[in-house]
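First comes the structure, then the notes that go with it.
Hydrogens, waters and symmetry mates play no part in the numbers below; they use all other heavy atoms, side chains included. Just so you know, these numbers come straight off a predicted model, no measurement behind them.
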Amino acid sequence: MLARKSIIPEEYVLARIAAENLRKPRIRDRLPKARFIAKSGACNLAHKNIREQGRFLQDIFTTLVDLKWRHTLVIFTMSFLCSWLLFAIMWWLVAFAHGDIYAYMEKSGMEKSGLESTVCVTNVRSFTSAFLFSIEVQVTIGFGGRMMTEECPLAITVLILQNIVGLIINAVMLGCIFMKTAQAHRRAETLIFSRHAVIAVRNGKLCFMFRVGDLRKSMIISASVRIQVVKKTTTPEGEVVPIHQLDIPVDNPIESNNIFLVAPLIICHVIDKRSPLYDISASDLANQDLEVIVILEGVVETTGITTQARTSYIAEEIQWGHRFVSIVTEEEGVYSVDYSKFGNTVKVAAPRCSARELDEKPSILIQTLQKSELSHQNSLRKRNSMRRNNSMRRNNSIRRNNSSLIVPKVQFMTPEGNQNTSES
């Protein structure tokens with residue numbers, strides 16, 4: 001350490017470290033934009049400071065269904081254990097009050113056979129035997145070692161009460177388990193949306209489009225699509241509305257929003273005067289604080305349960321001037337869907353202005369299409385010229401190879417002095 005200090009002065013080392021720290025760019029991580037609906041369809045909303053917690057107990061069945069699986073299984077197990085323990089205590093108290101426990105403790109084995117007609121429950125000698133009898137009564141196992149007699153009306157009442165309570169617990173808990181396994185959002189896991197939405201020209205109008213599909217063969221009956229725009233707005237009075245929802249129509253030749261979701265479809269929204277996207281251009285889109293929420297609803301064909309699938313698109317997930325590629329083809333009389341290209345898009349010619357400017361100046365669309373046509377022709381010319389050059393190069397290389405393979409002529413001298421020419 002002393003030798004190093006003597007070779008490199010400490011002032012130089014400190015100056016170099018300071019210069020390196022100045023040269024390093026300080027990049028702060030950009031906070032992700034808060035979205036109302038996640039891509040998976042979950043609501044990105046946290047409920048805080050709820051004072052009236054008792055309202056959840058008024059609808060106990062829905063509360064049990066909404067719980068997580070680990071909590072539901074714990075409640076399922078504890079409900080049966082607690083009921084068995086509660087009625088085991090009651091059976092033990094019945095036997096203790098009737099004197100059955102002392103009778104079994106005082107008499108010997110030969111004398112116990114005569115107690116079966118005088119006790120309330122046979123062979124209930126301790127709390128353990130009372131617990132086993134409680135399980136046998138509620139689960140209706142009936143091993144035969146313990147059974148009721150006609151001596152105690154109170155024991156008969158406890159038997160009836162335990163059967164009723166056991167049936168209620170079975171109905172509630174089994175119904176809760178069934179509803180959790182058959183929830184509507186489970187079917188929504190196979191309803192998929194494209195990761196990005198696109199804005200392009202369709203039928204002479206700027207359109208907002210996304211793709212939706214169903215991975216299962218069982219169909220969604222009466223499927224309908226709704227689109228909403230959620231953004232932060234301020235009223236003329238100065239009130240800030242953090243979540244302002246606006247419905248936007250879906251372009252559908254049918255009057256209703258129902259779709260026949262037998263294959264992936266491209267849902268289209270025409271950006272017109274009724275659309276919240278009417279004044280937004282391509283340059284303004286990146287700075288917009290908006291979120292487009294898509295809701296797909298329908299009835300499951302196999303179960304008849306109404307299901308709902310959701311997703312959303314923020315400004316960064318909307319591609320301007322793109323179009324979805326075709327994924328449905330006809331092969332040997334059968335329509336085939338290639339889901340590997342479900343979210344693939346290609347660039348197309350689209351004006352960068354807003355829909356309002358496009359309506360006011362229709363020539364912008366014509367100029368854009370002409371430019372795209374010229375660029376397409378230029379690209380075709382370049383490709384053709386490159387193909388010609390490549391073909392000419394191949395021909396030249398083939399000629400050179402053929403010329404190198406030509407056999408030279410060789411002359412032979414005969415003794416008479418005549419020259420014979422031959423090719424070898």
Side-chain angles (χ1 to χ4, degrees), residues 32 34-47 59 61-73 175-198 208-230 243 245-252 254 256-269 290-314 317-318 324 327-328 335 337-345:
R35 58 197 310 162
F36 189 58
I37 299 294
K39 296 298 289 184
S40 60
C43 294
N44 188 20
L45 188 66
H47 299 275
D59 188 9
F61 186 77
T62 305
T63 303
L64 290 175
V65 173
D66 290 339
L67 289 176
K68 295 182 179 180
W69 268 107
R70 55 177 178 268
H71 299 154
T72 303
L73 293 177
C176 177
I177 297 296
F178 172 76
M179 290 301 297
K180 285 187 71 66
T181 55
Q183 279 183 335
H185 68 270
R186 304 295 180 186
R187 179 62 177 88
E189 296 294 333
T190 52
L191 296 174
I192 57 176
F193 299 89
S194 58
R195 186 163 187 82
H196 294 87
V198 298
F208 173 86
M209 294 174 285
F210 60 92
R211 179 172 275 169
V212 61
D214 188 5
L215 299 179
R216 290 186 182 273
K217 291 185 177 180
S218 58
M219 295 178 56
I220 299 295
I221 304 173
S222 301
S224 61
V225 176
R226 292 188 293 114
I227 306 177
Q228 289 185 345
V229 173
V230 177
I243 303 175
Q245 302 181 19
L246 297 172
D247 287 331
I248 58 178
V250 178
D251 185 19
N252 197 343
I254 308 174
S256 62
N257 291 334
N258 293 341
I259 58 175
F260 186 53
L261 195 59
V262 67
L265 299 176
I266 297 176
I267 307 300
C268 176
H269 159 64
L290 59 85
E291 180 179 356
V292 181
I293 298 175
V294 179
I295 303 172
L296 172 63
E297 293 180 340
V299 179
V300 183
E301 183 181 19
T302 54
T303 60
I305 300 175
T306 302
T307 185
Q308 185 182 93
R310 300 178 295 268
T311 191
S312 68
Y313 301 98
I314 56 178
E317 297 171 348
I318 301 175
F324 289 105
I327 60 175
V328 180
Y335 289 98
V337 180
D338 186 7
Y339 281 99
S340 63
K341 302 177 182 178
F342 183 81
N344 293 358
T345 60

CE/Met219 to CD/Glu301 distance, rounded to the nearest 0.5 angstrom? 6.5 Å
Rounding to 0.5 Å, atoms OG1 (Thr72) and CE (Met179) come to a distance of 12.5 Å
Ser312 side chain vs Ile37 backbone, donor-acceptor pair below 3.5 Å: yes
Please report the closest heavy-atom contact between Val65 and Cys176, naming both atoms and the distance. N-SG, 4.0 Å
Residues two or more places apart in sequence or in another chain: which of them pass side-chain hydrogen bond (donor to acceptor under 3.5 Å, both in side chains) with Asp66? none
Test log, rule side-chain contact (heavy atoms from CB on, under 4.5 Å), inputs Ile295 and Ile293: CA-CA 7 Å; Ile295 303 172; Ile293 298 175; 4.1 Å; yes
To the nearest 0.5 Å, what is the distance between OG on Ser222 and CD1 on Ile259? 11.0 Å
Is it true that a side-chain atom of Glu291 and a backbone atom of Val229 form a donor plus acceptor pair closer than 3.5 Å? no
Ser340: which residues meet the side-chain hydrogen bond (donor to acceptor under 3.5 Å, both in side chains) condition with it, sequence neighbours left out? Asp338
To the nearest 0.5 Å, tell me how far Ile314 CD1 sits from Phe36 CZ. 15.0 Å
Sequence neighbours excluded, the answer for side-chain hydrogen bond (donor to acceptor under 3.5 Å, both in side chains) partners of Thr63 is none
How many angstroms lie between atom OG1 of Thr311 and atom NZ of Lys39, to the nearest 0.5 angstrom? 4.0 Å
Quick one, Trp69 with Ile177, criterion side-chain contact (heavy atoms from CB on, under 4.5 Å). Give me CA distance, side-chain angles, the key distance, then yes/no. CA-CA 9 Å; Trp69 268 107; Ile177 297 296; 3.9 Å; yes
Donor-acceptor pairs under 3.5 angstrom involving side-chain atoms of residues 189-198: please list them, not counting sequence neighbours.
from, atom 1, to, atom 2, distance (Å)
Thr190, OG1, Arg187, O, 3.0
Thr190, OG1, Arg187, NH1, 2.6
Ser194, OG, His196, O, 3.0
Ser194, OG, Arg211, N, 3.1
Ser194, OG, Tyr313, OH, 3.4

Is there a donor-acceptor contact under 3.5 Å from the side chain of Asn44 to the main chain of Arg35? yes
Give a yes or no answer on whether the side chain of His269 reaches the backbone of Met209 with a donor-acceptor pair at less than 3.5 Å. no
Between atom CD1 of Ile266 and atom CD1 of Ile327, what is the distance when rounded to the nearest 0.5 Å? 8.0 Å
Mind checking side-chain hydrogen bond (donor to acceptor under 3.5 Å, both in side chains) for Gln308 and listing every partner two or more places apart, or none if nothing turns up? Glu297, Arg310
Check salt bridge (charged side-chain N to carboxylate O under 4.0 Å, His left out) between Lys180 and all other residues, then give those that pass, not counting sequence neighbours. none
